Every structure is written in C-alpha cells, then in structure tokens.
2 protein chains.
Amino acid sequence: MAIEPLHPDKDTPGGEEVPTTTKGTVLTARGLRTRRRLLDAAEKVFAELGYPAASIVKITEEAGCGLGTFYLYFEGKQEIFNEVVMDLNRRVRRAMTDAALAEADAGRIASERAGFRAFFRFTAEHPALYRIIRQAEFASPDALRLHYSRIVDGYAQGIEQGQRSGEVHRMDPEVVAWALMGIGEIIGMRWVLWPQDQDGATREGTGDVPDHVFDTMMEFIERALAPGTMDREGTDHVRDTTGR
Amino acid sequence: MAIEPLHPDKDTPGGEEVPTTTKGTVLTARGLRTRRRLLDAAEKVFAELGYPAASIVKITEEAGCGLGTFYLYFEGKQEIFNEVVMDLNRRVRRAMTDAALAEADAGRIASERAGFRAFFRFTAEHPALYRIIRQAEFASPDALRLHYSRIVDGYAQGIEQGQRSGEVHRMDPEVVAWALMGIGEIIGMRWVLWPQDQDGATREGTGDVPDHVFDTMMEFIERALAPGTMDREGTDHVRDTTGR
DNA sequence: GCACAACCTGAATCGTCTTTCATGTTGAGC
DNA sequence: GCTCAACATGAAAGACGATTCAGGTTGTGC
C-alpha cells in the first residue's frame with residue numbers, strides 16, 4: 001500500500017533536530033523551558049480563539065512572558081502553529097499505539113477497540129487537537145496531511161497484519177484505513193466535542209464517547225472488516241474462526 | 001436509500017425568509033443580483049484564501065463592486081460566511097438527493113452509490129464546500145453543526161428505511177449515519193481534494209474519486225450494513241431481494 | 001421628465017496586529 | 001565575583017483590515 005511513515009522518527013519534515021532560536025543558536029535549559037511555555041500557551045489560545053483571532057500578544061500573555069520573547073523562538077504565528085500541530089500529532093499517536101499494544105495479547109479486536117478508546121479519550125482531554133487540526137487546512141496544509149497520514153498509516157499496518165492472519169477481509173488497506181480515520185474523527189466530533197445530545201441532555205463530564213455509541217461504531221467496523229460472509233464475488237463463506 | 005432532505009425549503013434556521021439590506025429594506029431585482037455576486041465572490045475568496053486571510057476588500061474586488069456596497073447587504077465577514085455555508089449545504093444536499101432519487105428504482109444499493117458519487121462530484125466541483133466547512137469550527141460553529149446534522153439526517157432516514165425493509169442490519173441509525181458521513185468526508189478529502197497520489201502521480205482532472213477507491217469504500221460500507229451474516233446475535237439470513 | 005427610494009462608491013478613520021530593536025537581566029563557567 | 005552568551009522586555013514603527021459616511025448614480029412609478 002502507500003503512506004509509509006515518511007521518517008518514523010524524524011518528525012519535523014524538512015527541519016532541524018534540535019530546537020534553536022530564530023538566530024540559530026542552540027537552546028539552554030532555560031530557553032527550552034520558555035519555548036515549552038510558549039507552545040503550551042499557543043495550544044490553548046489556538047484552541048480557544050481559533051487561528052484567525054489568536055495573536056502573538058495573547059500567546060505571550062498566556063505564557064507569561066514578554067512580547068519580544070516570542071520572536072526569539074518562533075518566526076511567527078504560522079510557524080508556532082505548525083509546531084503545535086506536530087506536537088499534538090505525536091502525542092495522540094503515542095496514546096493510541098500505547099493503548100493498542102497494551103491489549104495486543106487480547107487479540108486484534110480488543111486491540112482495535114483499545115486504540116479507538118484512546119483516541120476518543122485523548123480527544124476529550126485535548127479538544128485542542130480537533131479544533132486546531134480543522135484549521136490547519138489553511139494555516140498549514142502540510143501539517144494537516146502529515147497528521148492524517150501518520151495516523152492512517154498506523155491503521156493500515158494493523159489492517160494488513162489482520163489480513164495476513166486471516167482476521168480481516170481483503171480490501172485495499174489504504175482505503176479502509178482512511179475510512180476508519182473518518183469514522184473516528186466524525187464520531188469524536190459529534191459525541192466528544194459537541195456538548196449536548198440531540199435530545200437536549202447535556203452530558204459532558206464523562207470525557208468520552210457514550211458506551212452505546214462506541215459499541216455501535218465498533219459493531220459497524222467489525223462487520224465491515226470481518227472476513228468472508230459477503231456473496232458478491234462468490235467468495236467462500238468462511239466462518240469466522242476466531243470465535244466470539 | 002439515504003439522503004432525505006429535512007425541510008425541503010425552509011433552510012435558514014431562525015432567520016428571515018427574504019433577503020434584506022442591513023437597514024431592513026427589502027431588496028429589488030438589482031439588489032438581489034449584487035447580493036448574489038457578493039456571495040459567489042465570497043465563496044471563491046474563502047475557499048482560496050481561507051477565512052483568516054479573506055478580507056472584505058478582496059471579496060468586493062472579486063465581486064467587482066465598491067467596498068461600501070458590501071455593508072449594504074451584510075453586517076460583516078462572519079455573517080457572509082454563514083450565508084455561504086448555508087448556501088453550499090443546500091446545494092450539496094440537493095445534488096445528493098437528486099442523484100439518489102434518480103436511482104431509487106434500481107434499489108437501495110444503487111441509490112446509495114449514486115448519492116455518494118454525487119457527493120464526491122460536488123466536492124470535486126466545489127472544493128469550497130470542504131475548505132469552508134473545515135473553518136466553520138470557529139468562524140461559525142452553529143453553521144457547522146447544521147451542515148453536518150442535515151446531511152446526516154438524510155442518511156439516517158435512508159438507513160431506517162433500509163432496516164424496515166430488511167435490507168440493512170439493525171444498528172442505531174444515528175451512529176451509523178455519522179459513520180457514513182465521516183467516511184465520505186475523509187475519502188473526499190484524501191482523493192478529491194489532495195491533488196497528488198502518494199506515489200507521486202498527479203491525477204486531478206477526472207474530478208472524482210478513482211473507481212477503485214470508490215468501489216473499496218462501497219464494499220466496506222455494504223459489508224457493514226448488510227443484514228444477517230454476522231454470528232453475534234444470530235439474526236436471520238435474509239437475502240437481498242432487490243437484485244443487484 | 002420628475003421625484004425619490006434604492007443602490008453604489010472609495011477616501012478617511014480607527015483599531016489591531018506583527019515585527020523590530022535598543023536596552024536590561026540572568027546565570028553557567030571560570 | 002566576573003564575564004559573556006543567552007535570554008528577556010515592551011515601546012514604537014509600520015502595515016493592514018474593518019467599518020463609516022457624505023455624496024453620487026440608477027431606475028421605476030407616476
């Protein structure tokens with residue numbers, strides 16, 4: 001398939017490995033701390049106000065430092081936005097893979113469930129991810145693509161593996177991976193981010209997708225991925241061998 | 001299946017039925033024309049530049065009218081953005097339902113395919129829809145929700161209908177509808193909007209999702225929706241009666 | 001062909017944001 | 001405890017965009 005992780009670890013696309021000032025000098029511990037403060041502040045401000053309304057002043061105020069300080073570490077709004085996206089992407093993928101790996105012994109399905117759960121939980125705890133990604137379309141299209149592609153790549157690998165072991169029906173893993181991405185994204189938006197249920201009951205708080213929604217979603221996905229069963233191309237009616 | 005319009009005509013939610021100037025006077029034919037020009041221009045500018053970078057000057061230039069004219073029809077950037085979203089939403093739903101209805105006789109699956117095709121084609125022809133919706137998160141959250149909810153509601157009705165006729169497996173239609181929405185949205189983004197394939201080949205032009213991707217997606221969806229087959233709750237194995 | 005409401009205009013005002021810079025502070029290494 | 005990068009600061013310059021307004025144009029009804 002496609003969408004290999006470009007460079008599994010080198011995260012900044014064409015960029016430097018070690019954070020530097022805009023002058024190119026390497027940061028000391030103090031500098032690193034300030035830079036971190038600015039990034040966190042930016043995440044918060046972008047998430048609350050949105051890219052258009054976010055201003056450098058607001059970010060530096062939130063970070064509790066002087067206006068000029070900002071330009072010691074970042075070239076401008078666009079650049080810090082990029083960094084924030086990369087940062088969030090790294091963290092959400094970490095959360096997902098950690099959760100999935102923890103359940104790896106329990107089988108593909110359990111592992112898949114765990115990954116999705118982690119995704120929603122992260123979304124609930126960091127609404128910034130969502131709100132920020134949605135703006136990246138213009139603020140930083142490259143970061144947007146990288147973000148999605150990296151997550152999708154993780155899914156695709158899992159799907160291929162499942163296909164090799166016969167647990168997943170054979171379909172182009174790339175397309176399927178994007179479909180899963182889309183499902184997770186929209187369900188997260190609808191049930192994690194939008195506070196009120198359609199029926200008026202504001203629920204929030206739980207910080208996660210309601211169980212019933214989660215289960216339906218997983219049923220939908222499992223049905224799509226389950227091997228055999230469909231007639232169409234006259235495939236054998238192989239029964240699911242994994243039981244359950 | 002799928003895609004019924006909610007309130008076929010009354011689109012503006014709590015708003016006025018007839019366009020007026022910002023002073024409240026009713027528009028004449030000339031006024032209507034100018035307003036339309038501004039809306040079209042705004043759609044283009046928002047899609048190309050994004051909300052933050054779009055300015056009233058740019059919009060009026062694109063529309064070929066004076067700066068002050070803008071304020072005769074809209075209160076500001078935010079308001080015209082709203083109108084653009086509503087307008088696009090109306091048009092995409094129209095495109096989808098028309099396509100789905102045209103194939104209604106050919107059965108649920110054909111109708112569903114037609115609806116999706118129409119969605120992608122519309123996306124290809126109006127990238128503005130996408131790019132604009134993604135920004136609505138901040139520019140106009142209400143418009144965003146309305147947009148998605150309306151489309152999803154159409155899907156949900158189709159799904160319920162399919163369930164009643166035994167063509168669709170019983171799962172909460174709302175959740176399933178959102179899943180379909182998510183799939184369509186992300187696949188559209190990946191294959192319609194992003195110009196180049198991962199493998200470098202720039203393909204554009206066709207103005208639609210590649211057949212192979214479309215087919216895989218539909219297979220995925222059909223497998224998820226198909227009645228029976230899954231062991232889980234031992235449902236009946238009703239075969240599809242509409243033929244292919 | 002007159003009157004008047006609707007429509008149009010862009011220079012000018014006002015506010016806000018980005019970015020620079022001259023100057024001051026900190027702290028690690030010696 | 002001295003020194004020198006590195007770090008920090010916020011006033012000020014400069015740019016740009018939103019919105020207003022005083023005055024001009026259009027076209028429809030009579």
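Note that the structure is predicted; figures quoted are calculated from it, not measured. Throughout, protein chains are lettered first and strands after them, A, B, ... in sequence-line order, and every chain is numbered starting at 1. Computed from heavy atoms alone, side chains included, the values below leave out hydrogens, waters and symmetry copies.
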Just the rounded figure in Å: distance from [atom2] of [N] to [atom1] of [X].
X	N	atom1	atom2	value
B:L72	C:dA5	CG	P	16 Å
A:F74	D:dC7	CZ	P	13 Å
B:R30	C:dC7	CZ	P	7 Å
B:F70	C:dT9	CZ	P	14 Å
B:R37	C:dC8	CZ	C1'	10 Å
A:E75	C:dT18	CD	P	15 Å
A:L32	D:dA6	CG	P	14 Å
B:R35	C:dC8	CZ	C1'	17 Å

Can you sort out the partners of [X] under side chain to side chain donor-acceptor pair (under 3.5 Å), two or more places apart, ordered by chain and number?
X	answer
A:D40	A:R36
B:R134	A:Y148, A:E185
A:S140	A:N82

My understanding is that only residues two or more places apart in sequence, or in another chain, count here; which of them pass salt bridge (charged side-chain N to carboxylate O under 4.0 Å, His left out) with A:E62?
A:K44
Test salt bridge (charged side-chain N to carboxylate O under 4.0 Å, His left out) applied to B:R30 - qualifying residues, sequence neighbours left out
none
OP1 or OP2 of [N] under 4.0 Å from side-chain N/O of [X]:
X	N	value
A:Y73	D:dA8	yes
B:T69	C:dC7	no
A:T34	D:dA8	yes

Looking at the side chain of B:Y71, which of C:dT18, D:dT20, C:dT26 is the nearest nucleotide?
D:dT20
Do A:Y155 and A:F116 have ring centroids that are under 6.0 Å from one another?
yes
Kindly confirm or rule out a cation-pi arrangement of B:R91 over B:F122, judged by NZ or CZ under 6.0 Å from the six-membered ring centre and within 45° of its axis?
no
Within the 4.0 Å heavy-atom criterion, would you say B:G68 contacts the bases, only the backbone, or no part of the nucleic acid?
base
Contact list please: residues 53-67 of chain A against DNA chain D, heavy atoms, distance less than 4.0 Å, in numerical order.
A:C65, A:G66, A:L67
